[in-house]
*Asks:* 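My questions will all concern the structure given below.
A quick note: this is a predicted structure, and the numbers were derived from the prediction, not measured.
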Amino acid sequence: MKENFSILEETMLGFYLPAYTKVMKRRLIQSPKFYYFDVAIPNHLLHRHPLQPGTNFYGHAIEHLVIQELRAYLSYTHDGKKKLAYWHTLDNKYEVDALIYDASTYQVEAAIEVKSAGEVTSSDTKGLKAFSEEHPHAKLILLSMEERPRKLNDIEVWPVSQFLSRLWSGKY
């Protein structure tokens, strides 16, 4: 099975997002996540069209868009000095969709969770909160379909489109 994913990666139809493996106190999943380059491929193969807001598939598509933009931004602007990964505990209690970290020190700069909800609540922040217990200096960002940026405890909540604009202007 791994060979099939390698073929997809070699033909640039997909890519692996590595797991962040610096263990502090929680045991972590060590295996990478696979993303197709274009979310339309799995959606077409699995007959998931059109994508409807409020569905899990819509949420995965938004997450996929953000991951693609983060990868592109880091590759264009940081020459491999900053890396992208995800964080997921082995007990499946907590996950953070994207981490931006320094490749030389493994220090996390930003932890980013993506939600497709029109309004996020504190229950949507549990992965970020758990991550911040182990990495208190990381900037915590929750992206959603909300209309305006705001703070939710110590977490910055941003509309996806505004975050992406800020990202490409170097202000994430």
Side-chain angles (χ1 to χ4, degrees), residues 15-36 39-40 42-43 46 48-74 82-101 106-169 171-172:
F15 62 92
Y16 284 106
L17 180 64
Y20 186 76
T21 56
K22 185 177 181 181
V23 175
M24 302 299 265
K25 67 179 185 184
R26 292 179 175 94
R27 294 179 60 202
L28 302 175
I29 288 180
Q30 304 285 316
S31 58
K33 282 171 101 173
F34 186 82
Y35 285 86
Y36 281 95
V39 74
N43 287 341
L46 297 170
R48 296 187 213 144
H49 42 274
L51 291 175
Q52 297 295 323
T55 64
N56 284 342
F57 304 125
Y58 184 80
H60 291 299
I62 298 294
E63 176 187 329
H64 188 275
L65 168 70
V66 170
I67 296 296
Q68 286 282 51
E69 289 293 313
L70 290 169
R71 284 182 73 232
Y73 171 77
L74 293 174
K82 292 186 183 177
K83 297 287 185 183
L84 186 64
Y86 79 100
W87 182 81
H88 193 126
T89 59
L90 195 58
D91 61 9
N92 287 321
K93 284 187 179 180
Y94 306 108
E95 179 179 15
V96 176
D97 295 323
L99 304 176
I100 298 173
Y101 66 94
Y106 227 56
Q107 183 74 31
V108 176
E109 188 174 294
I112 303 167
E113 182 66 23
V114 182
K115 299 290 182 190
S116 62
E119 185 175 341
V120 294
T121 63
S122 60
S123 66
D124 294 317
T125 66
K126 68 179 186 173
L128 289 169
K129 287 178 186 174
F131 184 81
S132 72
E133 291 171 9
E134 298 183 22
H135 304 274
H137 301 294
K139 183 178 191 177
L140 305 176
I141 303 169
L142 194 150
L143 305 180
S144 71
M145 303 309 288
E146 289 194 15
E147 293 183 20
R148 290 177 204 67
R150 66 183 173 106
K151 278 275 210 186
L152 182 59
N153 302 319
D154 293 331
I155 298 169
E156 295 181 21
V157 178
W158 284 94
V160 171
S161 60
Q162 286 184 32
F163 172 80
L164 294 177
S165 293
R166 287 177 58 84
L167 176 72
W168 284 101
S169 63
K171 301 176 189 169
Y172 75 91

*Asks:* Taking the side chain as C-beta and beyond, is there a heavy-atom pair between Asp97 and Tyr86 under 4.5 Å?
*Replies:* no

*Asks:* Taking all non-hydrogen atoms of both residues into account, name the closest pair between Ala85 and Tyr101 and its distance.
*Replies:* CB-CE2, 3.7 Å

*Asks:* Roughly how far apart are Ile100 CD1 and Leu70 CG, rounded to 0.5 Å?
*Replies:* 5.0 Å

*Asks:* More than 12 heavy atoms of other residues, nucleotides or ligands under 6.0 Å from NZ of Lys93: yes or no?
*Replies:* no

*Asks:* State which residues pass side chain to side chain donor-acceptor pair (under 3.5 Å) with Lys22; sequence neighbours excluded, sorted by chain then number.
*Replies:* none

*Asks:* What pairs of residues pass the ring-ring contact (aromatic ring centres under 6.0 Å, His included) test when at least one of them lies in residues 128-157, not counting sequence neighbours?
*Replies:* Tyr20-His135, Trp87-Phe131, Phe131-His135

*Asks:* Sequence neighbours left out, what passes side chain to side chain donor-acceptor pair (under 3.5 Å) with Ser165? Give chain and number order.
*Replies:* none

*Asks:* Taking side chain to side chain donor-acceptor pair (under 3.5 Å) as the test, write out the residues that go with Thr89, two or more places apart.
*Replies:* Asp91

*Asks:* Test: salt bridge (Lys or Arg N to Asp or Glu O under 4.0 Å). Region: residues 159-169. Which pairs qualify, not counting sequence neighbours?
*Replies:* none

*Asks:* Provide the closest heavy-atom pair for Ala117 versus Ser144 in the form atom of the first, atom of the second, distance.
*Replies:* O-CB, 3.6 Å

*Asks:* Please name all residues satisfying salt bridge (Lys or Arg N to Asp or Glu O under 4.0 Å) with Glu119, sequence neighbours left out, ordered by chain then number.
*Replies:* none

*Asks:* Do other residues, nucleotides or ligands put more than 12 heavy atoms under 6.0 Å from the NZ atom of Lys151?
*Replies:* yes

*Asks:* On a heavy-atom basis, which atom in Thr125 and which in Ile155 lie closest, and how many Å separate them?
*Replies:* CB-CD1, 3.4 Å

*Asks:* Can you confirm whether Pro159 sits close enough to Pro149 that some side-chain heavy atom of one is under 4.5 Å from a side-chain heavy atom of the other?
*Replies:* yes

*Asks:* Roughly how far, to the nearest 0.5 Å, is the NE2 atom of His88 from the OG1 atom of Thr21?
*Replies:* 15.0 Å

*Asks:* State whether the number of non-hydrogen atoms from other residues, nucleotides or ligands found under 6.0 Å of Asn92 atom CG is greater than 12.
*Replies:* yes

*Asks:* Once salt bridge (Lys or Arg N to Asp or Glu O under 4.0 Å) is applied, do any residues pair with Arg150, and if so which ones, sequence neighbours excluded?
*Replies:* Glu146

*Asks:* Restricting to side-chain contact (heavy atoms from CB on, under 4.5 Å), what partner residues turn up for Ser132, sequence neighbours left out?
*Replies:* Leu140

*Asks:* Roughly how far, to the nearest 0.5 Å, is CG of Leu17 from CG of Leu84?
*Replies:* 5.0 Å

*Asks:* If we only count heavy atoms from C-beta on, is the Gln52 to Tyr58 side-chain gap below 4.5 Å?
*Replies:* no

*Asks:* Does Lys115 have any salt bridge (Lys or Arg N to Asp or Glu O under 4.0 Å) partners at least two apart in sequence or in another chain, and if so, which?
*Replies:* Glu113

*Asks:* What do the steps show when you test Val96 against Leu128 for side chain to side chain contact (heavy atoms under 4.5 Å, CB included), and what is the final call?
*Replies:* CA-CA 6 Å; Val96 176; Leu128 289 169; 4.0 Å; yes

*Asks:* Step through the shown structure and confirm whether more than 12 heavy atoms of other residues, nucleotides or ligands are within 6.0 Å of NZ on Lys139.
*Replies:* yes

*Asks:* In Å, rounded to the nearest 0.5 Å, how long is the span from CG of Leu167 to CG of Leu143?
*Replies:* 9.5 Å

*Asks:* Could you list all the salt bridge (Lys or Arg N to Asp or Glu O under 4.0 Å) pairs where at least one residue sits in residues 52-63, not counting sequence neighbours?
*Replies:* Lys33-Glu63

*Asks:* With sequence neighbours excluded, what pairs up with Glu147 under the side-chain contact (heavy atoms from CB on, under 4.5 Å) test?
*Replies:* none

*Asks:* Which heavy-atom pair separates Tyr106 from Ala19 by the least distance, and what is that distance?
*Replies:* OH-O, 4.4 Å

*Asks:* At their closest point, which heavy atom of Pro32 faces which heavy atom of Pro18, and how far apart are they?
*Replies:* CB-CA, 4.0 Å

*Asks:* Using salt bridge (Lys or Arg N to Asp or Glu O under 4.0 Å) as the criterion, list what pairs up with Glu69, not counting sequence neighbours.
*Replies:* none

